[in-house]
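Not measured: the values here are computed from a predicted model.
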Amino acid sequence: MSRRLFGTDGVRGRVGVDLTAETAFRLGRASAGYFLERGPRRCVVARDTRLSGDAIGSAFMSGAASIGVEVVDLGIAPTPAVSALLSSVEGRQFPTLAFGAVISASHNPYDDNGIKLFSPDGTKLTTAEEDAIERRFRTGVELDASENLVGRIQKNPDLVRTYLDAVRARFPIQFARTRIVIDAAHGAWAPHVRALFDGIASDIVHLNDTFTGTDINAACGSTHVESLDPHLSVVGRQSSVVSAVGIAFDGDGDRCLIRVCVRSSDRPIVSPCRTLDGDGMLLLFARHLVPTGSVVGTVMSNGSLAAELEKMNRLFVRAPVGDREVFERMALE
């Protein structure tokens, strides 16, 4: 029996070996056929900066269009843009229901790639939905659309600006006496970080916001968060800067780690830079953004997070590892 097509986060593998343009084309047809039967007639697609992104993305979009789906090509854009555009941020952009796809292998090296699919509400597919699409993929039951029903592929990078504007409007943040360092990992955020972050602080440093197609995640980004430290060490040397915050994204921009360096009481004594990981972010969100209700982490979450939440009289729930599993548990709370 052949192994399951979908892994923990979509279809992923070494380009030309585990993931080919033919695989992408067939998956485009299979996913489009599945959603066409359920109403959505449009697919929103983004990719990261990998060299193989054009070939894999074009094949997937061609497969979807070949059976009648209209494809909206965002170009290079972070994964959250697709999820948000499909859901509450700017859903009115699409007069008919749409599903989504992101061509990316996340934090993996450039010679890997993948295809992540999103439901019309912007969430990852359920296991049952993946299984249904995989059955179509393996049986190849789709027929070509008739001439007047073949879908078009239209580029619309302006929709990424819609997403960025919505994020900035939701978080009107201004930092004083703070340096912000952004590491785009030569990935999907690279063309967009300046539009999103410029202006939120007087001192902003952008790292790895260019790309060659082969440098994504290479000794940078969230898998090498320590590379932020030389740019954060300005704290203690400049009186105008009392704190420095580094944000390191992964290749497709759906996760980040934060590195913080703070000077104590305006004295030239600086604590070592520390990483604010997912547990730390959950605690901050619970204290300042979502002050009531349950908090959902994973089986990997640190016990100290649960202890701090207990002091706040907040219920802490553990889900299996994976963003889909965490989301499904959140929906139950």
Side-chain angles (χ1 to χ4, degrees), residues 6-10 12 78-84 86-89 102 106-108 116-119 121-130 166-167 170-173 175 178 180 182-183 185 189 221-226 228 232 243-262 264 271-333:
F6 287 89
T8 57
D9 195 12
R12 187 179 297 182
T79 292
V82 171
S83 180
L86 288 173
S87 57
S88 60
V89 170
V102 175
S106 190
H107 59 278
N108 287 20
K116 294 190 277 192
L117 298 176
F118 290 83
S119 295
D121 62 358
T123 62
K124 296 284 183 66
L125 302 190
T126 65
T127 301
E129 288 174 321
E130 289 179 344
V167 174
R170 186 168 295 184
F171 300 101
I173 301 171
F175 292 94
T178 299
I180 307 295
I182 312 295
D183 184 348
W189 270 113
S222 61
T223 55
H224 296 275
V225 68
E226 69 283 351
L228 292 168
L232 301 175
S243 63
V245 178
I247 302 174
F249 289 102
D250 70 341
D252 71 324
D254 65 352
R255 73 181 78 179
C256 70
L257 286 177
I258 297 176
R259 194 90 165 142
V260 180
C261 191
V262 180
S264 301
S271 60
C273 293
R274 297 182 179 181
T275 299
L276 181 66
D277 59 11
D279 286 347
M281 292 182 206
L282 275 179
L283 185 59
L284 285 178
F285 296 160
R287 283 178 174 169
H288 303 292
L289 289 179
V290 188
T292 60
S294 303
V295 177
V296 180
T298 75
V299 293
M300 301 293 289
S301 295
N302 196 292
S304 61
L305 171 62
E308 286 298 314
L309 291 170
E310 185 177 359
K311 293 177 184 177
M312 299 164 57
N313 295 317
R314 302 288 292 276
L315 176 65
F316 181 60
V317 180
R318 294 180 184 269
V321 174
D323 57 351
R324 176 173 57 194
E325 286 73 16
V326 170
F327 178 81
E328 289 177 354
R329 184 66 200 193
M330 290 171 65
L332 295 174
E333 293 299 317

**Request:** Could you point out which residue of L117, V82, D254 forms a side-chain contact (heavy atoms from CB on, under 4.5 Å) with V102?
**Result:** V82

Where [X] and [Y] come nearest, the two heavy atoms and their spacing:
X: R314; Y: V290; value: NH2-O, 2.8 Å
X: A286; Y: V295; value: CB-CG2, 4.1 Å
X: G297; Y: F316; value: N-CE1, 3.5 Å
X: S106; Y: D250; value: OG-OD2, 3.0 Å
X: D183; Y: L228; value: CB-CD2, 3.9 Å
X: G221; Y: A185; value: CA-CB, 3.7 Å

**Prompt:** Do other residues, nucleotides or ligands put more than 12 heavy atoms under 6.0 Å from the CE atom of M281?
**Reply:** yes

**Request:** Step through the shown structure and confirm whether more than 12 heavy atoms of other residues, nucleotides or ligands are within 6.0 Å of CD on E310.
**Result:**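 No.
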
[atom2] on [Y] to [atom1] on [X], rounded to 0.5 Å:
X: L305; Y: L283; atom1: CG; atom2: CG; result: 6.0 Å
X: C261; Y: R274; atom1: SG; atom2: CZ; result: 10.0 Å
X: L332; Y: S294; atom1: CG; atom2: OG; result: 10.5 Å
X: T126; Y: R324; atom1: OG1; atom2: CZ; result: 7.5 Å
X: F175; Y: I180; atom1: CZ; atom2: CD1; result: 4.5 Å
X: I258; Y: L284; atom1: CD1; atom2: CG; result: 8.0 Å

**R255 side chain to F249 backbone, donor-acceptor under 3.5 Å** = no

**Request:** For the pair S222 (side chain) and L257 (backbone), establish whether a donor and an acceptor sit closer than 3.5 Å, ignoring hydrogens and angles.
**Result:** no

**Request:** Taking atom types as modelled, find out whether S87 and D121 have a side-chain donor-acceptor pair closer than 3.5 angstrom.
**Result:** no

**Asked** Would you say the side-chain atoms of N302 and S304 include a donor-acceptor pair closer than 3.5 Å?
**Response**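 Looking only at side-chain atoms, S304 and N302 do form a donor-acceptor pair, the distance falling under 3.5 Å.
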
**Prompt:** What do the steps show when you test L125 against F118 for side chain to side chain contact (heavy atoms under 4.5 Å, CB included), and what is the final call?
**Reply:** CA-CA 6 Å; L125 302 190; F118 290 83; 5.9 Å; no

**Item:** pair R259-L276: side-chain heavy atoms closer than 4.5 Å
**Value:** no

**Request:** With the side chain counted from C-beta on, respond yes when K311 and E308 share a heavy-atom pair under 4.5 Å apart, and no when they do not.
**Result:**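 They are in contact (side-chain heavy atoms under 4.5 Å apart), so the answer is yes.
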
**Item:** Which residues share a side chain to side chain contact (heavy atoms under 4.5 Å, CB included) with D9, sequence neighbours left out
**Value:** R12, K116, K124

**Item:** Partner set under side chain to side chain contact (heavy atoms under 4.5 Å, CB included) for A319, not counting sequence neighbours
**Value:** V296, V326, R329

**Item:** Residues E325, R318; criterion salt bridge (charged side-chain N to carboxylate O under 4.0 Å, His left out); working and verdict
**Value:** CA-CA 10 Å; E325 286 73 16; R318 294 180 184 269; over 6 Å; no

